Colleague: 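There's a structure below that I have some questions on.
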Protein chains: 2
Amino acid sequence: MTLEDVARAAGVHYSTVSRALDPDTARQVNVVTRKRVAAVAKRMGYQKDMVASGLKRGRTHTVAVVVGDLGNPNIAPVLRGIANRLEPAGLMSLICESQDDPTRLERILNHLLSRRVDAVIMTGARLGDGPKLRRIRRQGIPVVLAVQNVPGIRLPAYTNDDDLGGELAAQHLLSFRHRRVAQLRGPADIYPCLQRAQGFSRTIAAAGAMEVEVRFTAPTGSPEEGHRMMRQLLDSKRALPTGIFAHHDLMAFGAITAAEERGLVCPRDVSMIGYHDLPHVERVIPSLTSIHQSREELGRLAAEALVKMLSSADGPPSSRKLAPTLVVRQSTGPPRDFR
Amino acid sequence: MTLEDVARAAGVHYSTVSRALDPDTARQVNVVTRKRVAAVAKRMGYQKDMVASGLKRGRTHTVAVVVGDLGNPNIAPVLRGIANRLEPAGLMSLICESQDDPTRLERILNHLLSRRVDAVIMTGARLGDGPKLRRIRRQGIPVVLAVQNVPGIRLPAYTNDDDLGGELAAQHLLSFRHRRVAQLRGPADIYPCLQRAQGFSRTIAAAGAMEVEVRFTAPTGSPEEGHRMMRQLLDSKRALPTGIFAHHDLMAFGAITAAEERGLVCPRDVSMIGYHDLPHVERVIPSLTSIHQSREELGRLAAEALVKMLSSADGPPSSRKLAPTLVVRQSTGPPRDFR
DNA sequence: CCAGTCGCTGCAAACGATTGTGGCAGACCC
DNA sequence: GGGTCTGCCACAATCGTTTGCAGCGACTGG
């Protein structure tokens, strides 16, 4: 079922059919032929071949969405935000998982070039990914970052303000008069984690409180890692911090478990604050104080920016940082001394 | 950067380059020219245009994955299973969200035809979707179902055995000697929910126990719906069941809350068993007894089947049903009379 | 030595759409 | 009435690959 079939049935040349069916060129063909062609096309169930169209026009109407880890439950809402915003623009998302592996990412990006995607949304950028992304950009393909930013990169980015998130966590602990705190850090090559750490440390230092350094950073945000890091704190000869900021809710869970194994009770003996406000953390025991941030909105903004970049020639849209909020629940409270 | 550019640089005709670079035809060209061409292509960074190739060959190397609701946290692992299995076959997944709307689904499927996708994985099939899917199938495009099956459809399906899941839930309650039970049902046009209900009711009836009918089914599996349905049970003049099977963990949460609002304690006054074994339900209070089923594996199987259908001409691969398992936690126990 | 074969490569026609160009009417102006 | 303009449509080239076919040496067997 091609243009030619329709043309034959309608008694016109196939180029006329092409023009008649494309809203942008439809006015070039007489209204009566246009109607006739449209009717015939509809009756025959003609559907334009997007592949052929893509070859000729150089537009595939496809946006690649690169995800670090599809197992991460935080990512689904972002994908949804992206897909929903892309759809009215006639675009679709091609999903690829880099599995947080630079070599894989490199291979994937090459493949995407070969597929002639119109644009790329990078949701799992790590610190070393800048050059790779710039290479894509230089090929004339718009690239935007979502969720995770990379410092020093000149690409539109739609992220949460993780520095502020760290600050909120610190302020919350300070408000309970914690004077000795620590943080369980996420991966060192993820910029948001660095920012959380920075916002937290800065605020703690400014208040003259004491931050106990934890040497290691977690390679992933799993409960096991949280458990391991908390054990390290518990096993060290230093006095235990009374307030702890985990860079991930799951790490907070693991840390709480580790504390409980030593007979410590949260929040009586140690306050714990998580990050991400995962669904249902309000029902865990103790319900987790956490930092809430948007996900679907981030995807929507990133897609929005891309649609703009694809349709207009003016400069790249500006980045945006969304403010996270603190959700206070049962896992934080005043330190023992103040009860 | 096209075949022609490479050909010029290598001093051969571009058709020779095409043959030299395709492993399937490479043996048609002399080994020394082949090496030279390969070297030149590599040096120039040539990448074949998949769009043009797709037009000529009629293969886009793209598989559409239709998802009912991207907000559902259960879906991400399925996508991961799909993507991981597709990747080594050189395929990529194009994601589309039907938002559980038949009209939208229709539009999406048409669009997919226009994009000439190689195959379709349908993860969110509802009861009325059979004809639409058959239409795609008739166009020669392989279709497989994942997660949600549809009765009477002759398509390979990779699902969990929800009838068995219902049976397990019933057996568990019976093992505690519950004699009066009820279920909070999920959407009526989702086959897995029907099967859960059927497996549950059958097992309860066979044991001679009593199932209290709840008239309504939930349009979604949200906590609010669970709350609403539980309230209905509590408000009815009939004696309250001692064991309740919710078709979704979130509905179980809502139901527990509703019970607590009436001063009932779970599991002392009423046992609650959920479905899906969502991440972290082991930490909620009370930790939820639930039915665990696979997700990533389902995606992997569906993708596997598609790859087979695309590469070989023999009949459709056979469907598979994975057995769920019961995970016993704190939200279930013996009814009060037996303590 | 010649016909037949074989290995290699070039030629050109597709795939299905888009789009610049040109031609043919009819309308219009003076 | 001749010239110009305008509206409408057909023609054909093009996007970058794939692939059947043909040509052309070289080799081989009789």
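Remember, predicted model here, so these are calculated numbers, not experimental data. Lettering follows sequence order; numbering is per chain, from 1.
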Colleague: State whether the distance check finds a donor on one side and an acceptor on the other, under 3.5 Å, for side chain R19(A) versus base dG20(C).
Modeller: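 Per atom types, the contact qualifies.
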Colleague: Indicate whether the side chain of H111(A) and that of R107(A) have a donor and an acceptor atom separated by less than 3.5 Å.
Modeller: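 Their side chains do not contain a donor-acceptor pair, so the 3.5 Å distance test is not met.
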Colleague: Under 3.5 Å, is there a donor on one side chain and an acceptor on the other for N110(B) and R135(B)?
Modeller: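 Yes, because at least one side-chain N or O of N110(B) sits under 3.5 Å from a partner of the opposite role on R135(B).
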Colleague: Is any side-chain N of the basic residue among R80(A) and D69(B) closer than 4.0 Å to the acidic one's carboxylate O?
Modeller: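 Looking at R80(A) and D69(B), the cut-off is met.
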Colleague: Does anything in residues 31-41 of chain A come within less than 4.0 Å of DNA chain D? Heavy atoms only, and list the residues if so.
Modeller: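 Listed by number, they are T33(A).
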Colleague: In this structure, which one of V120(A), T123(A), I95(A) forms a side chain to side chain contact (heavy atoms under 4.5 Å, CB included) with V66(A)?
Modeller: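 When side chain to side chain contact (heavy atoms under 4.5 Å, CB included) is applied between V66(A) and each of V120(A), T123(A), I95(A), only V120(A) qualifies.
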Colleague: Output yes when at least one side-chain N/O atom of T16(B) is less than 4.0 Å from OP1 or OP2 of dG10(C), else no.
Modeller: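 Yes, because at least one side-chain N or O of T16(B) sits under 4.0 Å from OP1 or OP2 of dG10(C).
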Colleague: What residues from residues 46-59 of chain A pass a heavy-atom cutoff of under 4.0 Å to DNA chain D?
Modeller: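 Within residues 46-59 of chain A, the residues near DNA chain D are L55(A), K56(A).
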Colleague: When you check the gap from the basic side-chain N to the acidic O, do E297(A) and R85(A) get nearer than 4.0 Å?
Modeller: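 R85(A) and E297(A): not salt-bridged.
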Colleague: Distance check needed: dG22(C) C1' versus Q28(A) CD, whole Å only.
Modeller: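 After rounding, the gap between these two atoms is 14 Å.
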Colleague: Using atom CE of M1(B) as one end and atom P of dC15(D) as the other, report the distance to the nearest whole Å.
Modeller: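 The answer, rounded to whole Å, is 15 Å.
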Colleague: Any side-chain N or O of N30(A) below 4.0 angstrom from OP1/OP2 of dC8(D)?
Modeller: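 For N30(A), the contact criterion (side-chain N or O under 4.0 Å from OP1 or OP2 of dC8(D)) is met.
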Colleague: Could you check how far CG of D5(B) sits from P of dG16(D), rounded to whole Å?
Modeller: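 Taking atom P of dG16(D) as the reference, CG of D5(B) is at 9 Å.
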Colleague: Do the side-chain N or O atoms of S18(A) get closer than 4.0 angstrom to the phosphate oxygens (OP1, OP2) of dT18(C)?
Modeller: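 S18(A) to dT18(C) OP1/OP2: side-chain N or O found under 4.0 Å.
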Colleague: dA12(C), dG10(C), dA12(D): which one has an atom nearest the side-chain heavy atoms of Y14(B)?
Modeller: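 Ranking dA12(C), dG10(C), dA12(D) by closest atom to the Y14(B) side chain puts dA12(C) first.
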Colleague: CZ of R8(B) versus P of dT9(C): gap in Å, rounded?
Modeller: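 Distance check: R8(B) CZ to dT9(C) P gives 19 Å.
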Colleague: Under 3.5 Å, is there a donor-acceptor pair linking the side chains of R320(B) and T159(B)?
Modeller: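 Side chains of R320(B) and T159(B): no pair found under 3.5 Å.
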Colleague: For L3(A) and dC11(D), what is the distance between atoms CG and P respectively, to the nearest whole Å?
Modeller: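 In whole Å, dC11(D) P and L3(A) CG are 15 Å from each other.
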Colleague: When the distance from CG of D24(B) to C1' of dT17(D) is rounded to whole Å, what number comes out?
Modeller: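 These atoms are roughly 14 Å apart.
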Colleague: With distance as the sole criterion, is a donor-acceptor pair present between the side chains of R126(B) and S98(B) under 3.5 Å?
Modeller: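 R126(B) vs S98(B): no donor-acceptor pair found between side chains.
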Colleague: Under 4.0 Å, heavy atoms only, any strand: does E4(A) hit a base, just the sugar-phosphate, or nothing?
Modeller: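 Nothing, no nucleic acid heavy atom in range.
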Colleague: Does a side-chain N or O of H13(A) approach OP1 or OP2 of dC9(D) to a distance below 4.0 Å, or not?
Modeller: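 Indeed not, no polar side-chain atom of H13(A) lies that close.
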Colleague: Are M122(B) and L133(B) side-chain neighbours, meaning at least one heavy-atom pair lies under 4.5 Å?
Modeller: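 Yes, side chains in contact.
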Colleague: Can D118(A) and T62(A) be counted as having a side-chain donor-acceptor contact under 3.5 angstrom?
Modeller: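 There is no such pair (donor and acceptor under 3.5 Å, judged by atom type) between the side chains of D118(A) and T62(A).
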Colleague: Can you find an N or O donor on one side and an acceptor on the other, under 3.5 Å apart, linking the side chain of S15(A) with the base of dC11(D)?
Modeller: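 Per atom types, the contact qualifies.
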